[in-house]
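Scroll down for the structure; my scribbles are underneath it.
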There are 2 protein chains.
Amino acid sequence: MSHTLGLRQAQKQKTRQALLDAALGLLEEQSLSSLGLREVTRAVGVAPTAFYRHFRSTADLGVALVEEALGSLHPMIRTIVSSSGDSDQRIERAVGLIAQHVATHPAHVRFIARERHGGVQSVREAIQDQLARFADDVKVALTKDPVSEGWNDDDLLMLADLYVDQMLMTASLFLDALEAPEEERRRVAQVATRQMRLISIGREHWLD
Amino acid sequence: MSHTLGLRQAQKQKTRQALLDAALGLLEEQSLSSLGLREVTRAVGVAPTAFYRHFRSTADLGVALVEEALGSLHPMIRTIVSSSGDSDQRIERAVGLIAQHVATHPAHVRFIARERHGGVQSVREAIQDQLARFADDVKVALTKDPVSEGWNDDDLLMLADLYVDQMLMTASLFLDALEAPEEERRRVAQVATRQMRLISIGREHWLD
DNA sequence: AATTCCAGAGAACAGTTGTTAACTGCATGG
DNA sequence: CCATGCAGTTAACAACTGTTCTCTGGAATT
């Protein structure tokens, strides 16, 4: 299906990616609603008008960034949530994977945390869409777990939402601790692990 | 101690409050990092330069807004967390109070949710300061609760953090559902209630 | 080889921004 | 009652913004 696309389209995608990368960099110290299109093109080294060949507006670019940041994350979610082992092992593995992802993609994580409640509606909606999809992934996995036997649909979804939010919160804390000494990051990991453990305990006794 | 302040200072505070109110209104559809000082003064109807009589910058104004939005919330936190009754009653009362606060101060809640991870460092720090204080309030209350007997300090704080984050998350969901039909708001309340109930169950079995 | 297409450049536009300086008028304290 | 203080005004600045129209060089198509 995927053509080896011509020089023309290849160069275009290269510029497009450069715009996305430059924007992501600029967004480390400001919000999307204050990101100017000229600012982005200047950082890339192209004319301001070239921007329009790729995006209608900076809001449009923001939506593309959501796709880039979250679209490819579903496999990781499923890996976390459907891994084997007992509860504690799975929690530690999950926290480790989150820490690793924040360390390798800090700008993406920051962008999502920032714009999830940010000032640009279309971007907020795009993020909530993806997060709802995450929650559905989690819910599907929970359904298969023997611990969830006898749970109704609403409760499975409410637990899935809780997990997703907990995941984002933990990611945000890791982000804040990125430049701090490793001791601080270990503390964050410890707190996150215990919070998930407490939720896990609540889960086991839910039907009592 | 509080002088009945002269006409001079009274008028000044009035203008200052007008600036804060106008800014809060403008911030419903954008982030602080894109809020211009001229925009604010225009909305109030004063000269741009008058802004400097009250704030060094819009970031400075943002910090003042954090104070306004969260500073007066400690009493409510303590009310929620140290109320009597069994676990379920307290949870329902807490969710009700959150819903009520979001309904009466939507702009403040939106501001905090938005700028908690927003693009202006000083404001982010101010918010995290206040939230840390909330967590401490909660922790103090938890310490007095018989359910927490035998808990160590770290675990009390991690639970308090979990509660505070859960509170903010719930507030944000109520905010999104503000313009929606009441059915949607009841659904949010129900999910939030069950999530807190699950946490509560985890709490009771923590030391098993 | 001739033609079409189109990513990016260039110039110009009307508006906007933060910040400065010097001012005015009125409440305040001596 | 007069001198001082100070909240708010006016005018001007250089720099910046998004958007438009026109143009160009080279890849893609025929």
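Computed from a predicted structure; not experimentally measured. Lettering of chains follows the sequences in order, A, B, ..., and the numbering in each one begins at 1.
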Original post:
Nearest to the side chain of B:Ala47, which nucleotide is it out of D:dT10, C:dA7, C:dA9?
Top reply: D:dT10
Rounded interatomic separation in angstrom, taking [atom1] from [X] and [atom2] from [N]:
X: A:Arg16; N: C:dG8; atom1: CZ; atom2: P; value: 12 Å
X: B:Leu7; N: D:dC6; atom1: CG; atom2: P; value: 16 Å
X: A:Phe55; N: C:dG8; atom1: CZ; atom2: P; value: 11 Å
X: A:Leu37; N: C:dT16; atom1: CG; atom2: C1'; value: 15 Å
X: A:Gln11; N: C:dG8; atom1: CD; atom2: P; value: 7 Å
X: B:Phe51; N: D:dT9; atom1: CZ; atom2: P; value: 14 Å
X: A:Glu39; N: D:dC16; atom1: CD; atom2: P; value: 11 Å
X: B:Lys12; N: C:dA27; atom1: NZ; atom2: P; value: 16 Å

Original post:
Can you name the nearest heavy-atom pair linking A:Gly119 to B:Ser31, along with the distance?
Top reply: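 Taking every non-hydrogen atom into account, N-OG, 3.3 Å.
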Subject >> Shortest non-hydrogen contact between A:Phe55 and A:Ala64, atoms and distance >> reply: CE2-CB, 4.0 Å
Original post:
Side chains of A:Arg203 and A:Ser148: donor-acceptor distance under 3.5 Å anywhere?
Top reply: yes
**OP:** Examine D:dG8: is either OP1 or OP2 under 4.0 Å from a nitrogen or oxygen in the side chain of B:Thr15? Give yes or no.
**Re:** yes
Original post:
Does a side-chain N or O from B:Arg56 land closer than 4.0 Å to OP1 or OP2 of C:dT19, or not?
Top reply: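 False: B:Arg56 side-chain N/O out of range (4.0 Å or more) of C:dT19 OP1/OP2.
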Original post:
Does B:Gln9 or B:Arg38 map to a spot on DNA chain C nearer the 5' end, using the closest nucleotide for each?
Top reply: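 Looking at DNA chain C, the more 5' nearest nucleotide goes with B:Arg38.
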Original post:
If you pin A:Leu35 and A:Arg53 to their nearest nucleotides in DNA chain D, which one's is more 5'?
Top reply: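 Result of the comparison: A:Leu35.
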Original post:
Taking for each residue the nucleotide of DNA chain D bearing the nearest heavy atom, is the 5' side occupied by B:Arg8 or by B:Pro48?
Top reply: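 It is B:Arg8 whose nearest nucleotide is closer to the 5' end.
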**OP:** Kindly say whether, by distance alone, the side chain of A:Thr49 makes a donor-acceptor pair under 3.5 Å with the base of D:dT20?
**Re:**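 It does not, because no donor-acceptor pair links the side chain of A:Thr49 to the base of D:dT20 below 3.5 Å.
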**OP:** Look at all strands and tell whether A:Arg42 reaches a base, only sugar-phosphate, or nothing, counting heavy atoms closer than 4.0 Å.
**Re:**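 Touches sugar-phosphate only.
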Original post:
Thinking salt bridges, do B:Asp165 and B:Arg116 make one under a 4.0 Å N-O criterion?
Top reply: yes
Original post:
Near B:Gln128 CD, under 6.0 Å, is it more than 12 heavy atoms from other residues, nucleotides or ligands?
Top reply: yes
